[in-house]
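One structure is given here, and the rest of the page talks about it.
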Amino acid sequence: MQGGRPASVPLLLGPTGIGKSRAAFEVARALGGEIVVCDSRQVYDRLDIATNKPSREEMREVRYHLVGIADPRTTYTVFEFVEAANRAIADIAARGRLPIVEGGSMLWADALAEGFSLAGVPPRPDRRAELERLPVAELAGIVRRLDPEATLDERNPVRLVRAIEVLEVAGPPLARLRTRRPPPWTPLRIGLTADLGVVDLRLARRSRRQVERGLVEETRAALAYGVPADAPVLTGIGYAEALAHIRGEVSLEALPEVMARSNRRYARRQLRWLRRNPAITWFDATADPVPGILDFLRAQPI
RNA sequence: GCCGAGGUAGCUCAGCCUGGUAGAGCACUUGACUGAAAAUCAAGGUGUCCCCAGUUCAAAUCUGGGCCUCGGCA
């Protein structure tokens with residue numbers, strides 16, 4: 001890598017609770033790297049506990065990018081992430097360091113590594129709010145009228161609203177707007193996995209610790225700061241459950257288990273997403289995966 | 001001990017009156033996913049219907065007995 005053009009960039013991916021953040025930290029320290037976090041909740045400022053941000057110590061030793069950079073009252077989109085991540089990667093490489101992408105937001109990782117066009121139409125919140133009030137069947141009708149060829153889940157309101165939002169601005173067909181332009185570097189996709197029993201145990205422990213560390217207080221503080229209860233960051237695992245507790249629907253004693261359950265479901269969904277990607281090189285994280293990852297990376301043309 | 005309520009899917013419960021061998025939500029498994037993605041949506045499996053006996057062509061459902069749980073009164 002030289003002159004701001006990295007030859008290849010490691011992407012450390014895996015389910016929540018597998019320990020990928022720590023692994024990325026160790027890899028960065030060993031190889032003189034900086035970490036670009038690919039995480040749709042860690043981008044927000046102020047909410048630290050349940051987003052599993054790196055610790056103060058880790059951030060002192062290794063330089064992190066895209067952590068806590070967005071106002072939690074707003075929505076930070078995958079498009080903004082791809083732009084910012086590409087800038088960060090170029091910047092890191094220009095300084096002669098190794099960029100390492102790490103995270104669990106799978107759409108974000110694919111959008112970055114495969115260069116999704118994302119239709120080229122930004123969200124229109126006002127229109128979105130109008131459309132959200134319509135029944136699903138009506139939304140599906142609008143999409144069919146705008147683009148009879150459109151292939152999408154006609155029962156998913158979020159998909160339909162987005163399709164209408166795009167088609168009204170860019171025109172049909174929808175398929176033309178979804179293209180890929182790969183980045184100017186080769187993605188080295190590293191997947192972390194482990195026996196699900198091991199993952200579940202780590203998630204249970206982590207959920208308990210998050211409540212002990214003041215998750216409920218942090219959630220209350222966010223509300224007081226003006227973060228809407230339906231803001232993306234508060235729909236994240238941990239905060240959604242903490243809000244349920246604040247509303248009186250979940251006891252404090254039950255909170256860690258409710259959080260752990262959401263985490264287990266999410267971890268499985270992430271694993272399912274990754275499994276079908278044949279470009280991933282897998283490492284087992286039951287024991288420390290870092291030595292194996294370093295061997296793998298040292299054999300690559302970075 | 002008496003009175004009342006109840007025992008149906010891993011959990012919370014509907015069905016029982018008016019018999020035709022079972023259903024919802026959540027959980028679980030699987031799938032979709034191009035500017036909300038920790039979001040959103042979809043498909044699927046799941047059962048000694050507490051036990052025993054009786055009535056009946058047929059019982060989760062009706063009848064009798066038993067066991068257990070939760071309230072209230074003692």
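Both backbone and side-chain heavy atoms feed into the values below; hydrogens, waters and symmetry mates do not. Below, chains carry the letters A, B, ... as their sequence lines are ordered, and counting in each starts from 1.
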In plain terms, say whether A:Glu165 and A:Arg124 are close enough for a salt bridge, that is, a side-chain N and a carboxylate O under 4.0 Å apart. no
Has A:Arg268 got a side-chain N or O lying under 4.0 Å from the OP1 or OP2 atom of B:U29? yes
Nearest non-hydrogen partners of A:Arg178 and A:Thr151, listed with the distance: NH1-O, 4.1 Å
Taken to the nearest whole Å, CG/A:Leu160 to P/B:G35 is 13 Å
Residue matched to B:U18 through Watson-Crick or wobble contacts both under 3.5 angstrom: none
Mind checking if A:Val166 touches a base, just sugar-phosphate, or nothing, with heavy atoms under 4.0 Å? nothing
So does A:Arg144 pair up with A:Glu154, basic N to acidic O under 4.0 Å? yes
Heavy atoms under 4.0 Å, any strand shown: does A:Arg181 hit a base, just sugar-phosphate, or nothing? nothing
Send over the distance from A:Leu177 CG to B:G35 P, rounded to a whole Å. 10 Å
Among B:A37, B:A42, B:U30, the one nearest any side-chain atom of A:Arg41 is B:A37
Ignoring hydrogens and angles, answer whether the base of B:A32 and the side-chain atoms of A:Asn156 contain a donor-acceptor pair closer than 3.5 Å. no
What is the distance, to the nearest angstrom, from the CZ atom on A:Arg265 to the P atom on B:A37? 17 Å
Nearest-angstrom distance, P atom, B:A60 to B:C16: 14 Å
Complementary nucleotide for B:U48 - Watson-Crick or wobble, under 3.5 Å: none
Categorize A:Thr179 for me: base, sugar-phosphate, or nothing, with a 4.0 angstrom heavy-atom threshold over every strand shown. base
Check ion pair A:Arg220-A:Glu217 (N to O, under 4.0 angstrom): no
Whole Å only: how far is the CG atom of A:Leu118 from the C1' atom of B:U34? 5 Å
Any salt bridge linking A:Asp110 with A:Arg189? Criterion: basic side-chain nitrogen under 4.0 Å from a carboxylate oxygen. no
Would you tell me if any nitrogen or oxygen in the side chain of A:Arg128 comes within less than 4.0 Å of OP1 or OP2 on B:A36? yes
Classify A:Ser117 by what it touches in the nucleic acid, base, sugar-phosphate, or nothing, heavy-atom distance under 4.0 Å. base
What is the separation between atom OH on A:Tyr76 and atom C1' on B:A39, rounded to the nearest whole Å? 17 Å
B:A24: pairing nucleotide in any strand, Watson-Crick or G-U under 3.5 angstrom: B:U12
B:U12 and B:A74, which share atom name C1', separated by this distance in whole Å: 33 Å
Could a donor-acceptor pair under 3.5 angstrom be found where the side chain of A:Arg159 meets the base of B:A42? no
Is any side-chain N or O of A:Ser105 closer than 4.0 Å to OP1 or OP2 of B:A37? no
Would you call the rings of A:Tyr76 and A:Tyr44 parallel, tilted or perpendicular if under 30° counts as parallel and over 60° as perpendicular? perpendicular
Please report, rounded to the nearest Å, how far the C1' atom of B:A38 is from the OH atom of A:Tyr266. 4 Å
For B:G31, give the paired nucleotide (Watson-Crick: N1-N3 plus N6-O4 or O6-N4; G-U: N1-O2 and O6-N3; both under 3.5 Å), or none. B:C41
Below 4.0 Å: OP1/OP2 of B:A39 and any side-chain N or O of A:Arg269: yes
Which one is paired to B:G4, where only Watson-Crick or G-U wobble pairs with both distances under 3.5 angstrom count? B:C70
Could you state the CZ-P distance from A:Arg264 to B:C26, rounded to the nearest angstrom? 17 Å
In whole angstrom, give me the gap between the C1' atoms of B:C13 and B:G6. 12 Å
Watson-Crick/G-U partner (both atom distances under 3.5 Å) of B:U61: none
Counting any heavy atom closer than 4.0 Å, what does A:Trp273 reach on the DNA or RNA strands: base, sugar-phosphate only, or nothing? base
Looking at every strand, decide which applies to A:Ala240 at a 4.0 Å heavy-atom threshold: base, sugar-phosphate, or nothing. nothing
Write down the distance separating the P atoms in B:A59 and B:G20, rounded off to the nearest Å. 11 Å
State plainly whether the residues A:Lys53 and A:Glu58 are in salt-bridge range, i.e. N to O under 4.0 Å. no
Which whole number of Å gives the distance between the P atom of B:G10 and that of B:U29? 16 Å
Under 4.0 Å between any heavy atoms, over every strand shown, what does A:Phe81 touch: base, sugar-phosphate, or nothing? Just pick one. nothing
Is any side-chain N of the basic residue among A:Arg176 and A:Glu149 closer than 4.0 Å to the acidic one's carboxylate O? no
Nearest to the side chain of A:Asp153 - B:A37, B:G35, B:C41? B:C41
So if I take every side-chain heavy atom of A:Arg261 and compare against B:G35, B:C28, B:U30, which nucleotide ends up nearest? B:C28
Identify whether any heavy atom of A:Asn263 sits under 4.0 Å from a base atom; if not, whether one sits that close to sugar-phosphate; answer base, sugar-phosphate or nothing. nothing
Taking only the C1' atom of each, what is the distance from B:G4 to B:A38 in whole angstrom? 47 Å
For A:Thr51, report the nucleic acid contact type (base, sugar-phosphate, nothing); a contact means any heavy atom under 4.0 Å. base
A:Arg22 bridged to A:Glu26 by N-O distance under 4.0 Å: yes
Side chain of A:Val158 (C-beta onward), nearest among B:A38, B:U34, B:U40: B:U40
So what does A:Thr75 hit on the nucleic acid, given a heavy-atom distance under 4.0 Å: a base, only sugar-phosphate, or nothing? sugar-phosphate
Taking B:G25 as the reference, what is the distance to B:A14 when you measure between their C1' atoms (whole Å, please)? 11 Å
Taking only N and O in the side chain of A:Arg162, is any of them less than 4.0 Å away from OP1 or OP2 of B:G35? yes
Touch check for A:Glu257, heavy atoms < 4.0 angstrom, all strands: base, sugar-phosphate only, or nothing? nothing
Stacked cation flag A:Arg276 on A:Trp273, 6.0 angstrom / 45 deg: yes
Nucleotide nearest A:Pro123 when distance is taken to its side chain, options B:C28, B:A42, B:A36: B:A36
Report the residue (A:Gly238 or A:Arg275) whose heavy-atom-nearest nucleotide on RNA chain B is the more 5′ of the two. A:Arg275
From B:G31, B:A37, B:A36, nucleotide with atom closest to A:Arg272 side chain: B:G31
Can you tell me the distance, in whole Å, between the CD atom of A:Glu168 and the C1' atom of B:G35? 16 Å
Nearest-Å distance once atom P is located in both B:U8 and B:U48: 11 Å
Check whether any side-chain N or O of A:Arg180 sits under 4.0 Å from OP1 or OP2 of B:U34, and answer yes or no. no
